[in-house]
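Here the structure is laid out as structure tokens; the discussion comes afterwards.
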Amino acid sequence: MKVLKFGGTSVGSIENMQRVKNIIDDGGTKIVVLSAMSGTTNQLVYIAESIANNKLDIALHKINELHDVYAETINTLILNPAIQKHVKAYVSSVFNLLLDSTYLPYSKGLENTILAQGELLSTYIFNAYLQQEGISSTLLPALKFMRIDAANEPDSLYIKEQFKKVLETSEQADIYITQGFICLDELGGISNLQRGGSDYTATLIGAAIKAKEVQIWTDIDGMHNNDPRHVENTQPISNLSFDEAAELAYFGAKILHPQTVTPVRADSIPVRLKNTMNPEAHGTLISSKTSEQGIKAIAAKDGIAAIKIKSARMLQAHGFLRKVFEIFEIYETSIDMITTSEVAVSLTIDDTKNLNKIIEALQVFSTVEVDENQSIVCLVGHIVVNHSKTYKLFQILKDVKIRMISYGGSNNNISLLIHTQDKIKTLKKLNNYLFELVTL
Ligand code: ADP
Ligand code: ASP
Ligand code: MG
């Protein structure tokens, strides 16, 4: 069986929902994971923030505005009167829940319940639409099988067992539709897999059922070799290895949730990235195959803090790095880049929640300097270290201030740390020269 995930844009308009219907209606049995309609999760985040800040009039206004959007979608998409009636009843119940939320005190649990409504709405509406079109489909409630543990990691065993049970006890159909993104936490409260998490839902289900393939359908022809939001002339990449895709997703290629390939790489379940607006395009196939050598793609991740930890006694003092790492472990903060010299170590983090506490703990045995507003630019490929083109990097970036460089950590990645204000310039320069649009 295949798992097909459709993102926000793919279910964000009536025209696109029709495209999705055409793509999935090929007679095969499949699991279809849907995101919320585009823009909805952002609106729900805004509503939850307004409740948290006690701006209830703004929250109410946004809820009503969103309700109007859904009312219009249903009136245009669902024309069968009986089906329209039950869809309207469901949508009203969701918007009543949102309205009721404005009377409740803010809590993280309330916020997560609000955020979950986007995927609940899109799947309910799309399932009703398929039934109206005479396609056999059933809804599988993600909250009955998708769960994270106390460390916020997916509970793979539980997901596998529960998914099987839910599938077996559901009405049989050709198309099983479920919600991306949403899950339960270890206490049974509503939670989620973080923004963009529907990709992760798809591969978690793919691993649970040992799917033949997981397809991620979005609004672009696959993974491009640079960020198309900032750089012109980017190109789709036909094939990526799991390692390459994992690096790109983790280091900011927004097309994939950072953890997308984690669940499927052990079983080598291929992940195919496809464009709902252009289904004929090849897209990107992510698999265990490695391909040609050299830098294939560039991605960038913002919101990075660089921490320089200096100690006169680091010189020849063993145990120093252990002391440093222990502090990051205590504050559950993962380190992305690291470089050392005789007297100092520089490292980067993207989760700055506990930065002040980390600095305080480090200052007990060292001097600490922090640079915020940094970005990691990550060059990804196969055998990028020692590749004949790699030597050009410093020449290409001669007028960009590079704060740190990580080379040799793996054969798939070279990372550069720069100030965020230099990011777009850096991405453009690398694009032009590395992919030989311009020669040096
Ligand atoms: P969806 O809602 O379908 O999950 P996303 O917005 O999460 O879609 O991801 C698709 C978007 O990712 C594209 O429209 C594109 O702007 C952006 N993107 C950023 N980096 C890349 C990249 N390297 N390749 C392709 N798309 C990228
Ligand atoms: N709807 C969620 C978000 O916007 C999840 C997803 O789209 O993958 O982040
Ligand atoms: Mg996405």
Side-chain angles (χ1 to χ4, degrees), residues 4-13 16-17 19-20 23 32-46 48 66 111-112 114-123 142 146 178-183 191-205 214-238 240 244-260 271 273-278 281 283-284 286 295-302 377-381 423-424 427 430-431 435:
L4 282 74
K5 175 256 167 175
F6 292 87
T9 326
S10 303
V11 291
S13 69
N16 290 349
M17 283 199 225
R19 291 180 203 270
V20 174
I23 292 166
V32 171
V33 176
L34 300 184
S35 295
M37 293 176 72
S38 54
T40 298
T41 310
N42 285 346
Q43 295 280 28
L44 294 171
V45 168
Y46 192 68
L66 198 58
E111 176 176 331
N112 285 343
I114 293 173
L115 296 197
Q117 303 312 312
E119 272 69 13
L120 291 168
L121 283 167
S122 64
T123 48
M146 197 51 73
T178 193
Q179 298 85 22
F181 178 60
I182 63 174
C183 62
S191 189
N192 60 60
L193 301 172
Q194 309 296 322
R195 296 304 306 270
S198 301
D199 303 330
Y200 203 14
T201 304
T203 51
L204 285 165
I205 296 175
V214 176
Q215 298 180 353
I216 311 263
W217 289 80
T218 181
D219 56 4
I220 188 162
D221 291 353
M223 177 73 81
H224 277 221
N225 57 1
N226 205 329
D227 194 326
R229 293 168 300 177
H230 302 305
V231 180
E232 285 167 18
N233 295 321
T234 61
Q235 297 297 324
I237 307 166
S238 312
L240 282 173
E244 291 165 342
E247 299 272 12
L248 286 168
Y250 185 73
F251 285 106
K254 195 206 166 217
I255 185 171
L256 289 179
H257 179 281
Q259 298 300 333
T260 306
V271 178
L273 313 183
K274 294 281 289 175
N275 187 353
T276 305
M277 319 311 148
N278 183 16
T284 301
I286 303 167
I295 294 165
K296 268 194 202 164
I298 305 161
K301 185 168 160 182
D302 297 335
V377 170
C378 178
L379 305 152
V380 172
K423 181 183 79 171
I424 294 179
L427 290 177
L430 289 171
N431 203 64
F435 304 130

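Keep in mind that the numbers below use all heavy atoms, side chains included, and drop hydrogens, waters and symmetry copies. Heads up: numbering here begins at 1 and tracks the sequence. Whatever order the structure lists them in is the order used to number ligands and atoms, beginning at 1.
Regarding atom 2 (C) of ligand 2, its nearest protein heavy-atom neighbour is Glu119 OE2, 3.4 Å. Among protein heavy atoms, atom 6 (C) of ligand 2 sits closest to Ser198 OG, 3.3 Å. In terms of protein heavy-atom proximity, atom 21 (C) of ligand 1 is closest to Pro228 CD, 3.4 Å.
In plain terms, the two heavy atoms of Glu119 and Ser198 that are nearest each other are OE2-OG, 3.9 Å. Of all heavy-atom pairs between Ala36 and Ser122, the closest is CA-OG, 3.8 Å.
Any N or O atom pair closer than 3.5 Å counts here, and Gly8 shares at least one such pair with ligand 1. Below 3.5 Å of separation, one finds no N or O of Gln194 facing any N or O of ligand 2.
Between Val380 and Phe251 there is no side-chain heavy-atom pair separated by less than 4.5 Å.
Atom numbering of ligand 1 starts at 1 in the shown order; those under 4.0 Å from a heavy atom of Arg229 are 16 (O), 19 (C). Against a heavy-atom cut-off of under 4.0 Å, Gly222 is close to the following atoms of ligand 1: 24 (N), 25 (C). Counting atoms of ligand 2 from 1 in the listed order, those under 4.0 Å from a heavy atom of Arg195 are 3 (C), 4 (O), 9 (O). Ligand-side atoms of ligand 1 in range of Lys5: 4 (O), range being under 4.0 angstrom from any heavy atom.
Counting heavy atoms closer than 4.0 Å to ligand 1, residue Ile216 contributes nothing at all.
Counting only N and O atoms by type, the side chains of Asn278 and Arg19 include no donor and acceptor under 3.5 Å apart.
If you take CG on Asn431 and CD1 on Ile424, they are separated by 12.5 Å, rounding to the nearest 0.5 Å.
Ligand 1 has no atom lying under 4.0 Å from any heavy atom of Leu273.
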